[in-house]
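Remarks on the structure that follows.
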Amino acid sequence: MSEPSHEQIVSELRDKPPIVLSPGPRLDAQRPSSLPLPPSTVWDLPGGTAWVYYGEGNTGLVRPVIFADGFSMGPSELEFSWEIMEFGDYALISELRRRGHDVILLGYQERSASILDNSRTARAAILRAIEERQGDTPLAVGGFSMGGLVTRHALAKLETEGVDHQTALYFSYDSPHRGAWIPIALQAFAHYIKDLDSRFSDQINSPAAQQLLWRHIEGWDATPGQSMPRAAFLAEMEAVGQWPRRPRLIGVANGVANGIGTDVRAGELALEGKGLSVLGTKLYTQAPGPDELVAKLRVVTLKANEVRTNGLPSIDGAPGGSLEGFGILADGLNALSPLLGFKTDVRIRSHCFVPAVSAVDIRGLDTDEELYADISTLPEEDSGLDEFKLASRNEGHTLVTEELCTWLIDRLP
């Protein structure tokens, strides 16, 4: 069997959907048979859209709850929000509306744009909700994953400008307050195939991704570190006081409190190329220590190279919300024509994406001691949140569960 040409590989890769490392249905997953209900009204906002669903019995906006979207590529999609919030393990939208809350699903024109850009969209949604509201029930404002950071900044920024946001409760749902994690092996592979298809690399290097990721590389052979966009974002958060001061601040995490991680072990082979074009490619989970091998990279038209790291913790198996990063990559490669030789075996589909200590803003990500801390024993005042709830198991990032959602709903104004 002859090796495919560079042109054949480029054409096939670019003809397929991009590999996107964000929560969502697998490529082989069946779409829900139910469709989203038509919204009560739709707001066109600067940089985005809000789909508004009045609570049961409400003829207008009475008890507004704003849910901001998280990170991905391209514009926010109403169908995706419903799939996550309604058609999964727990029907969150229905329960909110049943209790008389008005659900405002806030989306962006570009989910990978700067958090600060999408913060302006959140600001517009907050002010629109105040304008449209009937009565004086205060707002609840927050979001899933990156959406929690978008709304956190928007509220804090409004306060620094002396604008009354009339928000009594801020909430975050598995938001990476101290950073998110994509394995260096996956980041390196994305950049390694950039000349064949730049979309995977473009995602890793997008403004929002760089602001979110605790450690980032801009090229396959770069040294992991804090990106300049992340440093600038953290400085901006400091400039607006880190947190809004007026609302009560709460958050939930898809990881456990007791510090017990998953069964993902450090330094294990997660993904291996088996097809002719990727034979020799091996991606490993992150191991601590000096000069740790995290990736062997080979695509037939490119030179083979190794990627090594120094001093990073055993973060892939840390307690927290997980992402099927290795699985998403393997599924994307295995969806290519078999004639191209990109068959890939995946031994470990998931890795920690938002460590529990990050989701409740109580410890950093620098060491295993911090990542695997027993949060239940830590002083609650170490967190920027006034109150938080962790899951009883380590589960998928932003997984909507009855356990977390009922706790959150019970605290809404």
Inspect the contact between Arg246 and Asp164 and indicate whether a charged nitrogen and a carboxylate oxygen are less than 4.0 angstrom apart.
yes
Residues Asp44, Arg128: salt bridge by 4.0 Å N-O rule
no
Got a sec: does the CD of Glu161 have more than 12 other heavy atoms crowding it under 6.0 Å?
yes
Can you list everything that forms a ring-ring contact (aromatic ring centres under 6.0 Å, His included) with Trp51? Sequence neighbours excluded, please.
none
Taking all heavy atoms of Ile328 and all of Ser22, pick out the closest pair and write down the distance.
CD1-O, 3.9 Å
List the residues meeting ring-ring contact (aromatic ring centres under 6.0 Å, His included) with His397, not counting sequence neighbours, and say none if there are none.
Phe353
Using the test side chain to side chain donor-acceptor pair (under 3.5 Å), find all partners of Thr406 that sit at least two apart in sequence or belong to another chain.
none
Between the side chains of Asp221 and Arg308, is the shortest nitrogen-to-carboxylate-oxygen separation below 4.0 Å, so that they form an ion pair?
no
Under 3.5 Å side-chain donor-acceptor pair for Arg152 and Gln242
yes
Could you go through Arg248 and Glu387, starting from their C-alpha distance and side-chain angles, then the distance that decides it, and tell me whether this counts as salt bridge (Lys or Arg N to Asp or Glu O under 4.0 Å)?
CA-CA 8 Å; Arg248 180 165 178 78; Glu387 188 181 12; 3.2 Å; yes
Using a strict threshold of under 4.0 Å (side-chain N to carboxylate O), is an ion pair present between Arg363 and Asp361?
no
Distance from Ile126 atom CD1 to Gln166 atom CD, nearest 0.5 Å?
11.0 Å
Nearest 0.5 Å please: distance from the CG atom of Leu279 over to the NZ atom of Lys343.
12.5 Å
Under the side chain to side chain donor-acceptor pair (under 3.5 Å) test, which residues partner Thr377, sequence neighbours left out?
none
Given salt bridge (Lys or Arg N to Asp or Glu O under 4.0 Å), test Arg99 with Asp410 step by step and report yes or no.
CA-CA 10 Å; Arg99 297 198 192 192; Asp410 287 344; 2.9 Å; yes
On a heavy-atom basis, which atom in Ala208 and which in Met146 lie closest, and how many Å separate them?
CB-SD, 3.8 Å
Checking side-chain polar atoms at under 3.5 Å, does Glu218 have a donor or acceptor matched by the opposite partner on His191?
no
Which residue, Phe71, Phe67, Phe171, forms the ring pair (Phe, Tyr, Trp, His ring centres under 6.0 Å) with Phe144?
Phe67
Glu272: what forms a side chain to side chain donor-acceptor pair (under 3.5 Å) with it, not counting sequence neighbours?
Arg347
Should Arg265 and Glu268 count as an ion pair when the cut-off is N to O under 4.0 Å?
no
Less than 4.0 Å between a side-chain N and a carboxylate O, is that true for Arg97 and Glu86?
no
For Ser81, all residues meeting side chain to side chain donor-acceptor pair (under 3.5 Å), sequence neighbours excluded
none
Describe, in one word, how the ring planes of Tyr170 and Trp243 are oriented to each other, choosing from parallel (under 30°), tilted (30 to 60°) and perpendicular (over 60°).
perpendicular
